[in-house]
Each structure stands twice: as structure tokens, then as C-alpha cells.
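Structure first, then comments.
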Amino acid sequence: MAALGLATLVMTGCGPRETLRFGWPTGVTPEAEAMGHLWTWAVIASLIVGFLVWMAIFYAITFFRHRDGEDSFPRQTAYNMPVELTLITLPFLAIAVLFYFTVVVENKVEKKTDDPAVVVDVTAFQWNWKFGYDKVRQDNGTYKVYAVKDGSPFALQAQREAEHGHPLPLPAGGRSDNVRDYLRFSKIETLGTPSEIPILVLPEGKRIEFNLAAADVVHSFWVPEFLYKRDVMPFPKQNHTDPRFQIEKITRTGAFVGRCAEMCGTYHAMMNFEIRVVSDQDFKSYLQWREKGLTNAGALEAICQVPTSVTTVPFETRRKTGGDTPKHLGDTWRPVLQNCTKRAIGAS
């Protein structure tokens, strides 16, 4: 039995941390840690219950098995009230305790405050992402607002009409632009394309709010290290969904891949993005460079961050790469440019 247990542990490839947490991954948010604690204690409780059930089974088959000369029908205890009350009460108590701690953790995960440090608009579309900064809290407690009200979800459609010189069929069954008036736009946006992975830059240690919206079908916003995903719905009001969620903070800097976790069409599996977490000071510098007109890549370079994704690559619409996809994109723990000096604001 000892050899079997050791072999099981070794063949799973689990280290001591994974073993003690029963396989729960390491997260980078307090919400992920809270879910990890719930998972660990729930598994421990399950093992205790399983052990007691196994012992009861072994006890029954050992001491109450049929013996020669005995009545073939065992003595019944159908009206043994102490036993029946015990067998009813104990499972109820176990379920009640598990339910209580589940609600506590769920409330923590779903908690929202009125003063997040950064509010980000996330727009999913087939098959990529657009990120925009809605507002960012300044050092004096006030918010700097980047949201704009005059954006149009069909601006590209109007541009194509001008290029073709004649009207083209409108999206959404010919309905007007305001059919998707829930979509949001910002002065500072990062748009993913088939040749560029969108990188969302966020500060370490700050409460962040995500406002999710889909321009077409249902998608899902998933960052594996958050250990949490949320469906991205079109028409959230009509679908009776809350498109907002918050995380208390991201506990370390680095690069984290993000994915769509809802089957949304042909290139669903390639609909990736990257979260780039930097220090609070670097985040402020990044925003200032974006305000000056630098692209997302240019602003990242200005704060000595690798300007392209180090976690994933753009998708190839021909579904083949020709073997030119690099095996190593960069250091996800420290995606910084070597021998780089951060540019001062106002420098050319």
C-alpha cells in the first residue's frame, strides 16, 4: 500500500504544494486563495467522510457477515431512533457547514466596491478582444475618466460603405447602430488583430473592475491564474446579467495568458489575450505615454516592458504555421527589456 501511494504521487508529477492543496493551482488574487482554502478543506472533509463510510462498510462485512447456522435474514434496526437521528443529523450538519463556507467565499469572490482603482472595459468579438480604460483613480482620490460617449459599434461598417461608394447591408439584421449601445469606448484602447495579441496592462496591488460585453455571440473572459472566469454576454440588460466583476488585487507582476472559454465559432481556440501586470508607478507612466499618443507596444517599451506578448502568439487563419512559431516567447515572470532605461515623460 505504501508503494502504491508513493507511485501514485510520483506519477502525477505533483510537488509538495500541489499535494497539500489537492491539485488546486496557485492563483495570483486573494479571491483565488480563498477558493483554494475552500477546496482544500472541502477535500479534507470529503476524505474524513469517505474514511468513516469505508470503516462502516468493513465493520459490517466483518462482524455481520452470514455464518452457518444463523438466520439468513439479519436482525433489522428500522425503528432504532438514535441511529436514524444520527444518520440524518450528521449529513445535514456536514452539508450546512460546507454551504456556509461556500457562501462566505462566494461573497468574497463576487464582492464589488464603489471605489476600484482601475475600471476596464472588455469587449469580446469574433475572434479577438478590445480593452479600454474607463476610469483610473488618481493619488488624490479623484478619477480620471477616459470613457467616451460618441463611439459607434459599426464605425468600421460606415468606413467600408465610404470605400465602396454605396450602402452595404447593416449588421444585426439591418437594425440601426444603437442596437448595441451597451458597447463602450475609450480614449485609450488596445485592439487585438490576427497579427497582434492584445495586451491589457494593469497595476499590481490595486482593486480592478472589469466591465464585460460581447459584440456578437457569447464569449468567456478567462485568466487561468485568476482561477475564475466570467461569461461575456451580448445585450447584458436583456439577458438579465451583471457584466461587472472585481478582483481585490493582483499579488505579483508578470504576464498571464487569457483565453475565451466559451465555444464562439471557428477560431475560438485561438482567441487569446495577455494580462501584463506592472508596478503602480510603471502603470501611471504607461497611461501617460498612451495619452501622448504612443501605441500599446510603444508605451510598454517606454517603461522597459517587452512590447509583444510573451505568453501566446497570434492565430494563423490558415490553421498552419509552417513550423515558424517560436517555442519560447519570453519570461512570463519578468517580461522586461534587458539593458533598458525607462524613458522620462516628455522625452522624445
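Since the model is a prediction, treat every value here as computed from it, not as a measurement. All residue numbers refer to positions in the sequence shown, counting from 1.
The side-chain heavy atoms of Thr29 and Lys249, taken from C-beta on, include no pair separated by under 4.5 Å. Between Asp280 and Lys284 the shortest side-chain heavy-atom distance falls below 4.5 Å. Contact annotation: the side chain of Leu202 approaches that of Val120 to within less than 4.5 Å [non-hydrogen atoms, C-beta and beyond]. Side-chain contact between Thr123 and Leu183 is present, with heavy atoms from C-beta onward closer than 4.5 Å. Within the 4.5 Å cutoff, no side-chain heavy atoms of Asn239 are placed close to those of Lys237. Within the 4.5 Å cutoff, side-chain heavy atoms of Leu38 are placed close to those of Thr102. Here the side chains of Pro224 and Phe256 are not in contact, with every heavy-atom distance at 4.5 Å or above. You'll find the side chain of Trp129 stays beyond 4.5 Å of the side chain of Asn272, heavy atoms only.
Counted by atom type alone, Glu110 and Tyr228 present one or more donor-acceptor pairs between their side chains at under 3.5 Å.
Here the SG atom belonging to Cys304 is positioned 6.0 Å from the CG atom belonging to Leu337, to the nearest 0.5 angstrom. Note that the OH atom of Tyr143 and the CZ atom of Arg137 stand 5.0 Å from one another [nearest 0.5 Å]. Note that the CZ atom of Phe273 and the CG atom of Leu200 stand 7.5 Å from one another [nearest 0.5 Å]. With rounding to the nearest 0.5 angstrom, the CG atom of Leu300 is 5.0 Å from the CG atom of Asn296. Residue Leu294 holds its CG atom at 11.0 Å from CD1 of Ile188, rounded to the nearest 0.5 Å. Taking CZ of Arg290 as the reference point, atom OG of Ser285 lies at 14.0 Å (rounded to 0.5 Å).
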Step by step, would you call Ile250 with Ile208 a side chain to side chain contact (heavy atoms under 4.5 Å, CB included)?
CA-CA 9 Å; Ile250 303 175; Ile208 300 166; 4.1 Å; yes

Step by step, would you call Asn128 with Tyr267 a side-chain hydrogen bond (donor to acceptor under 3.5 Å, both in side chains)?
CA-CA 9 Å; Asn128 224 308; Tyr267 299 110; over 6 Å; no

Checking Tyr146 against Asp134 for the side chain to side chain contact (heavy atoms under 4.5 Å, CB included) test, could you report, in this order, the C-alpha distance in whole Å, the side-chain angles of both residues, the deciding distance, and whether it holds?
CA-CA 5 Å; Tyr146 296 100; Asp134 184 281; over 6 Å; no

Residues Lys111, Glu248; criterion salt bridge (charged side-chain N to carboxylate O under 4.0 Å, His left out); working and verdict
CA-CA 9 Å; Lys111 180 182 179 182; Glu248 181 181 339; over 6 Å; no

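Salt bridge status for Lys130 with Asp121: absent, with no side-chain N to carboxylate O gap under 4.0 Å. A salt bridge is defined here as a Lys NZ or Arg NE, NH1 or NH2 lying under 4.0 Å from an Asp or Glu carboxylate O, and Asp115 with Arg207 fails to meet this definition. Between Arg343 and Glu301, none of the side-chain N atoms (NZ, or NE/NH1/NH2) sits under 4.0 Å from a carboxylate O, so this pair counts as no salt bridge. A salt bridge links Glu291 to Lys144: one of the charged nitrogens lies within less than 4.0 Å of a carboxylate oxygen. Between Glu274 and Arg276 there is a salt bridge, since at least one side-chain N of the basic residue sits less than 4.0 Å from a carboxylate O of the acidic one.
For the pair Arg230 and Trp222, the cation-pi criterion (under 6.0 Å, within 45° of the ring axis) is not fulfilled.
Judged purely by atom type and a 3.5 angstrom limit, Asp216 uses its side chain to pair as donor or acceptor with the backbone of Gln126. At least one donor-acceptor pair under 3.5 Å links the side chain of Ser309 to the backbone N or O of Thr312. The backbone N or O of Val278 sits nowhere less than 3.5 Å from a side-chain atom of Asp282 that would complete a donor-acceptor pair. Thr190 places no side-chain N or O within 3.5 Å of a backbone atom of Phe131 that could act as its donor or acceptor partner. Counting only distance, with no hydrogens or angles, the side chain of Asn140 and the backbone of Thr142 share a donor-acceptor pair below 3.5 Å. For the pair Glu196 (side chain) and Thr193 (backbone), a donor-acceptor distance under 3.5 Å is absent. The backbone N or O of Val136 sits less than 3.5 Å from a side-chain atom of Gln138, completing a donor-acceptor pair. Panel note: side chain Gln246, backbone Thr113; a donor-acceptor pair is recorded below 3.5 Å.
Under the side chain to side chain contact (heavy atoms under 4.5 Å, CB included) criterion, Phe92 pairs with no residue at all, not counting sequence neighbours.
Hydrophobic clustering of Ile, Leu, Val, Met, Phe, Trp and Tyr side chains at less than 4.5 Å, counting indirect connections, keeps Val119 apart from Ile275. No continuous path of ILVMFWY side-chain contacts below 4.5 Å connects Met263 to Met271, so the two sit in separate hydrophobic clusters. Note on Val277: it clusters hydrophobically with Ile247, by side-chain heavy-atom contacts below 4.5 Å among ILVMFWY residues. If you chain together hydrophobic residues whose side chains sit under 4.5 Å apart, Val145 and Val118 never meet in one group. If you chain together hydrophobic residues whose side chains sit under 4.5 Å apart, Met233 and Leu212 never meet in one group.
Ring geometry for Phe221 versus Phe210: interplanar angle of 30 to 60°, hence tilted.
The two residues Ala215 and Phe125 have their closest heavy-atom pair at CB-CB, 4.1 Å. Between Gly132 and Ser186 the shortest heavy-atom distance is CA-CB, 3.9 Å. Residues Ala261 and Lys229 share a closest heavy-atom pair of CB-CD, 3.6 Å.
Dense packing is recorded around CG of Asn107, with more than 12 heavy atoms of other residues, nucleotides or ligands lying under 6.0 Å away. Counting heavy-atom neighbours within 6.0 Å of Arg334 CZ, excluding the residue itself, gives a total of 12 or less.
Considering Lys112, Lys135, Arg244 in turn, Arg244 is the only one that fulfils the side chain to side chain donor-acceptor pair (under 3.5 Å) rule with Glu209.
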